[in-house]
Peer 1: 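Sharing a structure with you now.
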Amino acid sequence: MQYFFPAWFSSSNERSVADVPHVVLIVLVVALCIQIMWRSANPLLNPEARPLPEPLSSEQLQIGSLGDPVALAKMLMLWLQAFDNQPGISIPFRDLDYNKVTGWLDNILVLDRRGQYPLLAASRIYSQVPDETRQRQMLEFVYDKFLEDPNHRWPSLAHAVYVAKHRLNDLPLALRYAEALARYVTVENVPPWVKQMHIYALEDMHEIESAKILIGGLIDSGAIRDEHELLFLMQRLKQLEAEEK
């Protein structure tokens, strides 16, 4: 019986197994046995989910960054976002330990304080689970981190307003976040609707009089310098007054 081996065994492609060096055969057999044993110890038919490890300490972050914390932040974000897809199994977000998730997101923000993605992931990805407790935990995490840098982190809290309003149906919570945006965001290049979200939240809560007072206060304060924005607010005030009649 003839066997075929690669050309690097000999100048001839066709050799008898008896001509193969014993060392090569031993290596092949050992390799095959190792592969069989590894497969037996790690069956793909019964995969087990690995739990999310504990977040890193400040010292570990400093050592692991090797002088480039932003690069480590990006690597950790990719690792965390892909953690739900493990070999042979996909873990629903609701099965993750959200205390650890927020801990890792906080780790990443410590490494890259100007990074937006950890908070956007919290408000847009991890808050989408069908679990109200976890949704609220993510929104509160976004709110707490927003307060540390409002002028830079407002996009995530603006989305948190949407989640609180449309997914949790919690208008008081949406108003709380919207009022924080109006109070703490001070840069001028923020879209007008961001600082007006609390007005719409009040309208949804049928607090028409409060909404009118807010709009009137904005107009009278002189803080609104854009003519189009000022005209919009004046028209909105007239609409609210008409609705009350």
Side-chain angles (χ1 to χ4, degrees), residues 42 44 47-164 166-168 173 177-178 180-181 184-191 193-195 197:
N42 300 274
L44 294 178
E48 293 185 2
R50 293 179 291 106
L52 190 64
E54 293 288 341
L56 301 177
S57 65
S58 300
E59 293 76 12
Q60 290 172 323
L61 289 175
Q62 184 176 4
I63 295 172
S65 66
L66 298 175
D68 193 350
V70 175
L72 179 59
K74 295 182 183 300
M75 292 175 58
L76 288 178
M77 192 67 238
L78 290 173
W79 167 79
L80 180 62
Q81 192 170 347
F83 190 83
D84 59 303
N85 289 316
Q86 299 182 15
I89 191 171
S90 180
I91 307 172
F93 281 158
R94 65 175 180 271
D95 291 342
L96 295 176
D97 185 331
Y98 264 41
N99 291 325
K100 293 181 180 178
V101 172
T102 55
W104 280 107
L105 291 173
D106 189 49
N107 274 176
I108 296 166
L109 287 173
V110 168
L111 291 168
D112 183 11
R113 295 192 176 278
R114 301 294 291 175
Q116 292 276 12
Y117 196 70
L119 293 180
L120 290 175
S123 63
R124 294 175 179 268
I125 299 176
Y126 293 109
S127 69
Q128 304 305 304
V129 294
D131 184 309
E132 184 173 326
T133 300
R134 286 177 169 80
Q135 287 178 319
R136 291 181 181 275
Q137 183 176 358
M138 278 295 133
L139 296 187
E140 283 300 294
F141 173 75
V142 170
Y143 174 73
D144 291 340
K145 295 304 170 182
F146 158 81
L147 294 176
E148 295 178 0
D149 189 1
N151 288 331
H152 186 66
R153 295 176 176 175
W154 62 263
S156 300
L157 190 63
H159 190 74
V161 175
Y162 169 84
V163 175
H166 295 286
R167 294 188 177 275
L168 294 177
L173 183 63
Y177 295 156
L181 288 168
Y184 297 116
V185 178
T186 58
V187 289
E188 295 183 356
N189 61 342
V190 174
W193 58 264
V194 173
K195 304 195 69 173
M197 295 182 81

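Sequential numbering from 1 along the given sequence is applied to the chain's residues. Because the structure is a prediction, the values reported are computed rather than measured.
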Peer 1: Answer whether the closest heavy-atom distance between the side chains of L181 and W193 falls below 4.5 Å.
Peer 2: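 No, too far: nothing below the 4.5 Å cut-off.
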Peer 1: Got R113 and D149 here, is their nearest side-chain heavy-atom distance under 4.5 Å?
Peer 2: no
Peer 1: Working to the nearest 0.5 Å, report the span between CG of L72 and CG of N107.
Peer 2: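 Interatomic distance, L72 CG to N107 CG, rounded to 0.5 Å: 9.0 Å.
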Peer 1: Any side-chain heavy atom of Y126 within less than 4.5 Å of one from L80?
Peer 2: yes
Peer 1: How many angstroms lie between CG in L78 and CD1 in I108, if you round to the nearest 0.5 Å?
Peer 2: 9.0 Å
Peer 1: Of all the heavy-atom pairs spanning T102 and M138, show the shortest one and how long it is.
Peer 2: CG2-CE, 3.2 Å
Peer 1: Is the NZ atom of K100 crowded by more than 12 outside heavy atoms at less than 6.0 Å?
Peer 2: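 Result for NZ/K100: enclosed.
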Peer 1: CG of L109 to CD of E148: how many Å apart, nearest 0.5 Å?
Peer 2: 8.0 Å
Peer 1: For the pair Q135 (side chain) and V129 (backbone), establish whether a donor and an acceptor sit closer than 3.5 Å, ignoring hydrogens and angles.
Peer 2: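 Looks like yes, one N/O pair under 3.5 Å.
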Peer 1: Taking the side chain as every heavy atom from C-beta outward, state whether L56 and W104 have any pair of such atoms under 4.5 Å apart.
Peer 2: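 Sidechains of W104 and L56: in contact.
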Peer 1: Any idea which heavy atoms bring K195 and T186 closest together, and the distance?
Peer 2: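 Reported closest heavy-atom pair: NZ-CA, 4.5 Å.
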Peer 1: Rounded at 0.5 Å granularity, tell me how far OH in Y162 sits from CZ in R124.
Peer 2: 10.0 Å
Peer 1: Does the side chain of Y117 come within less than 4.5 Å of I125's, by heavy atoms?
Peer 2: yes
Peer 1: Can you give me the closest heavy-atom contact between A164 and L139, atom names plus distance?
Peer 2: N-CD1, 4.1 Å
Peer 1: How far does CG of N151 sit from CG of N189, to the nearest 0.5 angstrom?
Peer 2: 8.5 Å
Peer 1: Does Q62, at its CD atom, have more than 12 non-hydrogen atoms belonging to other residues, nucleotides or ligands within less than 6.0 Å?
Peer 2: no
Peer 1: Give me the atom names and distance for the closest heavy-atom approach of A73 to D112.
Peer 2: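 Smallest heavy-atom distance, with atoms named: CB-CB, 3.8 Å.
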Peer 1: Is there a side-chain contact between Q137 and N99 in this structure, where contact means two heavy atoms from C-beta onward sitting under 4.5 Å apart?
Peer 2: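 The answer is yes; the side chains approach within 4.5 Å.
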Peer 1: Looking only at heavy atoms, what is the nearest atom pair of D106 and F141, with distance?
Peer 2: N-CZ, 3.9 Å
Peer 1: Is any side-chain heavy atom of V101 less than 4.5 Å from a side-chain heavy atom of R134?
Peer 2: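 No, side chains not in contact.
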Peer 1: Taking all non-hydrogen atoms of both residues, which atom of R153 and which atom of Q116 are closest, and how far apart?
Peer 2: CA-OE1, 4.2 Å
Peer 1: Suppose we screen for side chain to side chain donor-acceptor pair (under 3.5 Å). Which residues come up paired with E140, at least two apart in sequence or across chains?
Peer 2: R176, Y177
Peer 1: Any sub-3.5 Å donor-acceptor pair from H159's side-chain atoms to L120's backbone N or O?
Peer 2: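 No, the answer is negative, given that no donor and acceptor are paired below the 3.5 Å cut-off.
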